[in-house]
There are 2 protein chains.
Amino acid sequence: MKVLIVEDDPLHRSYLHEAVSAALPECETVIEAENGTMGEKLARDHRSAHVVMDLQMNNRNGIEAARTIWKERPDTRILFWSNYSDEAYVRGVSRIVPDGAAYGYVLKSASDERLKLALRSIFVEAQCVIDREVRGMQQKSLGQAKGFSDSEYEILIDIALGLTDRAIARRRGLSLRSVQNRLQQLYEKLDVYQNASDDHEDSRFNLRARAVTVAMLRKLLNYSALERAESELAEWLKLG
Amino acid sequence: MKVLIVEDDPLHRSYLHEAVSAALPECETVIEAENGTMGEKLARDHRSAHVVMDLQMNNRNGIEAARTIWKERPDTRILFWSNYSDEAYVRGVSRIVPDGAAYGYVLKSASDERLKLALRSIFVEAQCVIDREVRGMQQKSLGQAKGFSDSEYEILIDIALGLTDRAIARRRGLSLRSVQNRLQQLYEKLDVYQNASDDHEDSRFNLRARAVTVAMLRKLLNYSALERAESELAEWLKLG
DNA sequence: GTAGATGATGCGGGATCCAGCAAGACGCGC
DNA sequence: GCGCGTCTTGCTGGATCCCGCATCATCTAC
């Protein structure tokens, strides 16, 4: 068995190396990559089907790297090892995992024991292992209990990118009014109206900009989600 | 000499501990805190005047912690040790450093040697040590060459928070038109007009929202800056 | 002292955003 | 068929935003 480690922090990288060696005696080779781009290349070269991947990296983030790796080999098993359980990350990961693929999501704050257990479960038993905390996020996100539907998330992305209503309508194939409807839903759910007092003269928020900030503060959005959305937008602009 | 380490990542914390011990034989005690809140408390309890501080922490970020530490003892020497040289961080730090205080800013990607040198320079020699890359950011930021003036940065924060023009005017003590003038300057500098084609029917951006996103992508803003701005805003709202 | 640069303010207008109201489309259960 | 809920769309209007044009104050340079 070969295991590929993709992680930009040298300390974390060597810690992972050690953990992999200890948890998986049957692993004869450990390869290290220090950013997403190198990770993709090494995965291709070594035909490695077992990857441990950091999400937040400078050069090319983990979600991007995982996506191209899975596109080339959908049966690759990937364990995401991240500092955060932001909804933006969790959502980003679940969007790209292929049907039936074994993967995992473990927080860096987990104990040695948990990490090693996850390594064995995924790489040997082909089971999915999702950290408790992350799991909670996932359910809150997918279940519509208090979470956000895909369409609401979509429009959140669009206003975060700074598109006008009309541009959003064209991009998503909707009428102008429908876009504005969804915006209202979004404002509702993000609870943007709180400090908008009745008096017109009182301090009030620009709902559109406020929504983005509130989403950021609630970690529905983060830098890497923005980055991804921005490059998708550039792609779409080229076509149009 | 006592040295206080404030860093939430256990691996980094123990690495720092070792580096401090090696670089400063005259240091008889090393204290560790795993978040900003604990850092403030331990600095107070131990009267430690030598601090190594991570910037990005969950509970209470480094800038906040440093601010309260410096407020209580302005002669404290603090070395910031961070993954990033985002303009938002650099600006945040330079806003809070007291006159004449010795401090440093070293990136985590720096070599062992650089870190140890910085530790000695700051804690023993009371000199300021700013990483090359960070320094560049600082000059780009303070010099008005291509950087942002304080007033532009201020208004960027305000629209990022989602305030209306009127609210900004009241908060900053300006007329409505002046606020809009500054916004135009900001849009100019952020180069938000690029994809706004001449035809009114073509895809265009909502300048206000777009400006915030561009600033995020350029790292003029980041999560912790937003967080700080949000709590300042809450403060201001209470008074008003 | 005069000219020029910079910044604050007012006025006006076109574009955009926010939202209430109502009419139609679609699926679902009975 | 019929009712119900959800989603989409058009119309409308008021509020806000974006910005060109013009005025005035302050400051600097020569």
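Fair warning: this is a prediction, and the values are worked out from it, not measured in the lab. Here is how names work: the chains are called A, B, and so on, in the same order as the sequence lines, proteins then strands, and each is numbered from 1.
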Whole-Å distance between [N] [atom2] and [X] [atom1]?
X	N	atom1	atom2	value
A/Arg182	C/dA19	CZ	C1'	17 Å
A/Leu207	C/dC17	CG	P	13 Å
A/Phe205	C/dA19	CZ	P	14 Å
A/Gln185	D/dC7	CD	P	6 Å
A/Arg208	D/dC17	CZ	C1'	11 Å
A/Asn181	C/dC18	CG	C1'	11 Å
B/Glu188	D/dC18	CD	P	14 Å
A/Glu152	D/dT6	CD	P	13 Å

Inter-residue atom distance A/Arg182.CZ - A/Ser151.OG, 0.5 Å rounding: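 Between atom CZ of A/Arg182 and atom OG of A/Ser151 there are 4.5 Å.
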Gap between atom OG1 of A/Thr213 and atom CD of B/Glu227 - 0.5 Å precision: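 OG1 of A/Thr213 is found 12.5 Å from CD of B/Glu227.
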Pair B/Thr164, A/Asn206: side-chain N/O donor-acceptor within cut-off below 3.5 Å: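 On atom types as modelled, these side chains do not qualify, holding no pair under 3.5 Å.
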Side chains of B/Gln56 and B/Asn61, donor plus acceptor under 3.5 Å: no
Look at the side-chain N and O atoms of [X] and state whether any lies under 4.0 Å from the OP1 or OP2 oxygen of [N].
X	N	value
A/Tyr187	C/dC17	no
B/Gln180	C/dT9	no
A/Arg177	D/dT12	no

Check: B/Arg77 side chain, B/Phe123 main-chain N or O, donor-acceptor pair, under 3.5 Å: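 Judged by distance alone, yes, a pair lies under 3.5 Å.
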Of the nucleotides [options], which has the atom closest to the [X] side chain?
X	options	result
B/Arg204	C/dA8, D/dT9, C/dA15	C/dA15
A/Asp165	C/dC17, D/dA15, C/dA19	C/dC17
A/Ser178	D/dT9, D/dC19, C/dA19	D/dT9
A/Gln184	C/dG20, D/dT9, D/dC17	C/dG20

Ring-face cation of B/Lys108 near B/Tyr84 (centre distance under 6.0 Å, axis angle within 45°):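 So B/Lys108 doesn't make the cation-pi contact.
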Sugar-phosphate, base or nothing in reach of B/Arg172, heavy atoms under 4.0 Å: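 Answer is nothing: B/Arg172 stays at 4.0 Å or more from every strand.
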Divergence of helical axes at both termini of the helix from C/dG1-D/dC30 to C/dC30-D/dG1 - five pairs an end, 10° steps: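 Comparing the first five pairs with the last five, the axes sit 30° apart.
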Heavy-atom neighbours of A/Glu34 CD exceed 12 at 6.0 Å: no
Residue whose nearest DNA chain C nucleotide is more 5′ - B/Ser175 or A/Leu176: B/Ser175
Pair B/Arg218 + B/Glu87, salt bridge at N-O below 4.0 Å: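 Looking at B/Glu87 together with B/Arg218, the answer is no, because their closest N to O distance does not fall below 4.0 Å.
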A/Arg210 with B/Glu230: basic N within carboxylate O range, under 4.0 Å: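 Looking at A/Arg210 and B/Glu230, the cut-off is met.
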Taking every non-hydrogen atom, the tightest pair across A/Glu133 and A/Ser85: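 Closest heavy-atom pair between A/Glu133 and A/Ser85: OE2-OG, 3.1 Å.
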Atom pairs, protein N/O to nucleotides 23-28 of chain C N/O, distance under 3.5 Å:
none

